[in-house]
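Below is one structure, written out as structure tokens, with a few remarks after it.
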Amino acid sequence: MTLKEYKEKRMQDPAFAQAYDEMQPEMNVIRAMIDARTSQNLTQKELSERTGIAQTEISRLENGTRNPSIKLLQRLADGMDMVLNVTFTPKQTAGDRAKRG
């Protein structure tokens with residue numbers, strides 16, 4: 001069984017699907033932070049040096065053990081010479097989730 005197949009099977013359980021959906025905003029922020037940093041070929045240490053945010057703190061943000069404030073996200077964006085954007089988009093239905101895998 002592939003990971004995608006396993007996820008599809010688990011998403012049929014309403015409790016699992018709800019927990020998965022509740023985690024998505026946090027996972028999206030984490031993924032965006034990591035993608036932004038790696039797109040610039042920066043290590044956590046280099047980003048730390050640019051922002052004044054401890055490397056250990058960046059690690060905690062990226063592994064999900066610490067939730068960032070908007071001010072902290074702005075400091076990270078500034079350190080990568082990027083603009084921080086926050087968007088609100090319509091929720092997907094269960095059928096949409098099943099299609100995206």
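For this chain, numbers begin at 1 and follow the sequence in order. What you see below is based on every heavy atom in this structure, not just the backbone, and it leaves out hydrogens, waters and symmetry mates.
The backbone N or O of Thr2 sits less than 3.5 Å from a side-chain atom of Glu5, completing a donor-acceptor pair.
When every heavy atom of Ser39 is checked against every heavy atom of Met82, the shortest pair comes out as OG-CE, 3.7 Å. Nearest heavy atoms, Gln55 versus Gln44: NE2-OE1, 2.5 Å. For the pair Glu46 and Asn41, the tightest heavy-atom approach, listed with the atom from each and the gap, is OE1-O, 3.6 Å. Residues Ala17 and Met11 approach most closely at CB-O, 3.6 Å, considering heavy atoms. Residues Val29 and Pro68 come closest through the heavy atom pair CG1-CG, 4.2 Å.
For the atom pair CZ (Phe16) and NZ (Lys9), the distance works out to 12.0 Å, reported to the nearest 0.5 Å. Here the straight-line distance linking atom CG of Asp13 with atom CD of Gln18 works out to 10.5 Å at 0.5 Å rounding. Here the CG-CD1 distance, from Leu76 to Ile53, works out to 4.0 Å after rounding to the nearest 0.5 Å. Atom-to-atom distance recorded for Leu61:CG and Ser69:OG is 9.0 Å, nearest 0.5 angstrom. Annotation: the span from Met33 atom CE to Leu72 atom CG amounts to 8.0 Å, rounded to 0.5 Å. Distance check: Leu3 CG to Arg10 CZ gives 12.0 Å after rounding to the nearest 0.5 Å.
Put simply, Ile70 and Met27 are part of the same group of oily side chains (I, L, V, M, F, W, Y) that touch within less than 4.5 Å, one to the next.
Atom CG of Asp35 is surrounded by more than 12 heavy atoms from other residues, nucleotides or ligands within 6.0 Å.
Sequence neighbours left out, the pairs with a member in residues 57-74 that pass salt bridge (charged side-chain N to carboxylate O under 4.0 Å, His left out) are Arg37-Glu62, Glu57-Arg60, Glu57-Arg66.
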